[in-house]
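Below is one structure, written out as structure tokens; the observations come after it.
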2 protein chains.
Amino acid sequence: MTLDEAKQHLIQAWGTLGSSWGVSRTMAQVHALLLVSPVPMTTEDIMEALQISRGNVNMNVRDLMDWGIVRKVLKPGERKEFFEAEKDVWKVGMQVAKERKKRELEPIIRALEQVSTIEADITDPDVKQFAETVENLKKFAVNADRTLETIIKTDENWFWGSFFKLFK
Amino acid sequence: MTLDEAKQHLIQAWGTLGSSWGVSRTMAQVHALLLVSPVPMTTEDIMEALQISRGNVNMNVRDLMDWGIVRKVLKPGERKEFFEAEKDVWKVGMQVAKERKKRELEPIIRALEQVSTIEADITDPDVKQFAETVENLKKFAVNADRTLETIIKTDENWFWGSFFKLFK
DNA sequence: CTGAACTTTCAAAATTTTTTGAAATTATTT
DNA sequence: AAATAATTTCAAAAAATTTTGAAAGTTCAG
């Protein structure tokens with residue numbers, strides 16, 4: 001397998017993985033492309049490498065920047081903008097965890113709290129069962145949130161070194 | 001808020017959450033519906049509650065059963081099949097973690113391994129950088145896999161009681 | 001300022017995913 | 001074995017998402 005073939009494989013695999021996690025195939029592919037590029041790339045480079053339109057590149061790169069895992073790089077004397085991906089895999093993982101926590105975990109916790117303001121006859125067994133289910137979902141979500149929060153604040157070395165040892 | 005309103009809210013919120021995690025809105029809604037139903041439901045009950053077609057209910061219920069978070073219940077003397085969701089939130093979470101690990105984490109690890117069989121001049125700095133990135137992705141994935149594996153084998157009580165304390 | 005280089009936007013088109021519903025299949029009862 | 005009831009399948013339709021590309025906007029050198 002040549003370097004280029006390997007890159008292509010990885011980009012495809014990353015795109016597929018993205019799809020099953022609610023990230024659009026193209027966004028994941030742009031991310032993978034920048035991740036394996038040894039140098040920052042321009043919009044045109046990305047267009048050419050993935051055979052997609054200018055607008056598409058622009059949107060996906062912007063989204064990746066919103067996720068905090070791709071940066072704009074300005075080269076002195078160059079008019080064009082260059083993009084590079086965060087290469088530190090731990091940082092990427094943490095950044096994604098942080099964003100998903102903010103975008104999805106926190107909203108669902110708020111929704112669960114809202115829903116538990118149900119005013120109803122607590123002696124009704126159906127109401128009781130519902131309240132219990134919601135309460136458990138909330139506990140689970142809050143626990144996950146707290147755990148993520150802690151992991152996010154943890155430094156890289158701790159993870160690579162001894163995360164899994166804690167679970168022995 | 002009445003019980004029914006609260007249920008509707010939760011079903012909607014669950015559907016939205018599903019979307020951002022690569023689960024179809026309807027599948028998440030069927031799951032939520034069964035989760036808050038005090039009794040097992042038939043295909044027709046679900047059709048009516050969510051206003052969706054028979055085929056759609058059938059497919060999504062089957063998928064939920066594949067995920068191991070919904071069961072078929074047969075009532076003696078009844079011709080129809082009933083469905084109920086696993087109510088234990090911890091079990092649901094673990095089951096989903098287990099399936100996603102199998103369906104998505106393991107395949108990406110295999111893909112990364114494949115890609116690292118690249119035969120190329122290791123003195124080429126580009127090749128070296130690529131190999132390094134792939135190696136780090138693999139380490140991250142394997143670590144996550146191992147951690148998940150351990151959590152999955154952990155019993156419920158441990159999580160609810162002291163998960164987050166470990167991270168202080 | 002002006003115009004060229006580059007970036008962003010967004011309505012329409014293409015693609016992908018989901019849903020429908022009727023026909024085929026399977027299971028159960030008489 | 002025939003009739004009835006329920007489930008499954010799957011091609012076509014609908015809906016949702018993604019992509020395109022050209023026009024509008026922005027930036028900057030001269």
Side-chain angles (χ1 to χ4, degrees), chain A residues 11-34 39-67 70-84 103-104, chain B residues 11-34 39-67 70-84 103-104:
Chain A
I11 289 167
Q12 291 314 318
W14 212 242
T16 305
L17 185 69
S19 302
S20 32
W21 284 88
V23 174
S24 94
R25 191 184 316 291
T26 305
M27 182 163 146
Q29 287 180 341
V30 173
H31 180 229
L33 177 66
L34 292 173
V39 291
M41 297 178 82
T42 65
T43 298
E44 303 225 329
D45 294 338
I46 299 171
M47 285 171 68
E48 159 135 25
L50 301 179
Q51 292 291 301
I52 58 179
S53 74
R54 183 176 302 282
N56 201 359
V57 170
N58 188 271
M59 286 197 137
N60 285 111
V61 162
R62 180 147 46 63
D63 278 355
L64 286 164
M65 289 194 295
D66 287 348
W67 278 88
V70 160
R71 283 182 290 275
K72 192 178 283 190
V73 180
L74 295 172
K75 294 200 180 177
E78 285 269 20
R79 196 73 177 276
K80 283 182 186 158
E81 299 178 330
F82 289 73
F83 303 98
E84 69 177 6
R103 298 182 193 196
E104 291 131 20
Chain B
I11 289 167
Q12 291 315 315
W14 212 242
T16 304
L17 185 69
S19 302
S20 31
W21 284 88
V23 174
S24 94
R25 189 182 321 288
T26 304
M27 181 164 147
Q29 287 179 341
V30 172
H31 180 229
L33 177 65
L34 292 173
V39 292
M41 298 179 81
T42 64
T43 298
E44 304 224 329
D45 294 339
I46 300 170
M47 286 170 67
E48 159 135 25
L50 301 180
Q51 292 291 301
I52 57 178
S53 74
R54 183 176 300 281
N56 201 0
V57 170
N58 189 271
M59 287 194 137
N60 284 112
V61 162
R62 180 147 47 61
D63 278 355
L64 286 164
M65 289 194 294
D66 288 347
W67 278 87
V70 161
R71 284 182 291 274
K72 192 178 284 190
V73 179
L74 295 172
K75 292 201 181 178
E78 284 269 20
R79 196 71 179 276
K80 284 181 185 159
E81 299 179 329
F82 290 73
F83 303 98
E84 69 176 7
R103 298 181 193 197
E104 290 132 21

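Naming: A, B, ... by sequence-line order, numbering from 1 per chain.
For A:Asn60, whose side chain is taken as the heavy atoms from C-beta onward, the closest listed nucleotide among C:dT19, D:dT19, D:dA6 is D:dT19. If you check D:dT9, D:dT8, C:dC10 against the side chain of B:Arg62, the one that comes closest is D:dT9.
Here C:dT26 presents its P atom at 18 Å from CG of B:Leu74, a figure rounded to the nearest Å. As a whole-Å value, the separation of B:Lys80 NZ from C:dA27 C1' is 15 Å. Per the geometry, CG belonging to B:Asn58 stands 13 Å off P belonging to C:dT20, to the nearest Å.
Residues A:Leu74 and A:Glu78 fail the side-chain proximity criterion, which asks for heavy atoms closer than 4.5 Å. Put simply, the side chain of B:Val57 does not reach to within 4.5 Å of the side chain of B:Val30, judged on heavy atoms. In this structure, B:Phe83 and B:Thr43 have side chains that are in contact, with non-hydrogen atoms separated by less than 4.5 Å.
Sorted by first then second residue, the side chain to side chain donor-acceptor pair (under 3.5 Å) pairs that include residues 46-56 of chain B, not counting sequence neighbours, are B:Glu44-B:Arg54. Under the side chain to side chain donor-acceptor pair (under 3.5 Å) criterion, the residue pairs touching residues 20-29 of chain A are A:Gln12-A:Gln29, A:Ser19-A:Arg25, A:Trp21-B:Glu104, with sequence neighbours excluded.
Mapping A:Phe82 and A:Ser19 onto DNA chain C via the closest heavy atom, the residue that lands nearer the 5' end is A:Phe82. Closest-nucleotide positions on DNA chain C for B:Glu78 and B:Val23 were compared, and the one nearer the 5' end corresponds to B:Val23.
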All N/O contacts under 3.5 Å from nucleotides 12-15 of chain C to the protein, with atom names and distances to one decimal?
none

Using atom names, set out every protein N or O paired with an N or O of nucleotides 26-30 of chain D below 3.5 Å, distance rounded to 0.1 Å.
from, atom 1, to, atom 2, distance (Å)
D:dT27, O2, A:Arg79, NH2, 3.0

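Residues meeting the side-chain hydrogen bond (donor to acceptor under 3.5 Å, both in side chains) test with B:Asn60, sequence neighbours left out: none. With sequence neighbours left out, the side-chain contact (heavy atoms from CB on, under 4.5 Å) criterion links B:Arg79 to no other residue. Under the rule for a side-chain contact (heavy atoms from CB on, under 4.5 Å), the partners of A:Val23 that lie at least two apart in sequence or sit in another chain are A:Met27, A:Ala28. Under the rule for a side-chain hydrogen bond (donor to acceptor under 3.5 Å, both in side chains), the partners of A:Thr42 that lie at least two apart in sequence or sit in another chain are A:Asp45. For B:Lys72, the salt bridge (charged side-chain N to carboxylate O under 4.0 Å, His left out) partners are B:Glu81, not counting sequence neighbours. A search for salt bridge (charged side-chain N to carboxylate O under 4.0 Å, His left out) contacts involving A:Lys80 returns nothing, not counting sequence neighbours.
Checked options A:Leu64, A:Asp63, A:Ile11; the residue passing with A:His31 is A:Leu64 (criterion: side-chain contact (heavy atoms from CB on, under 4.5 Å)).
For residues 40-57 of chain B, proximity to DNA chain D is found at B:Arg54, B:Gly55, defined as any non-hydrogen atom under 4.0 angstrom from a strand atom. Listed in residue order, the members of residues 25-34 of chain A having a heavy atom less than 4.0 Å from DNA chain C are A:Arg25.
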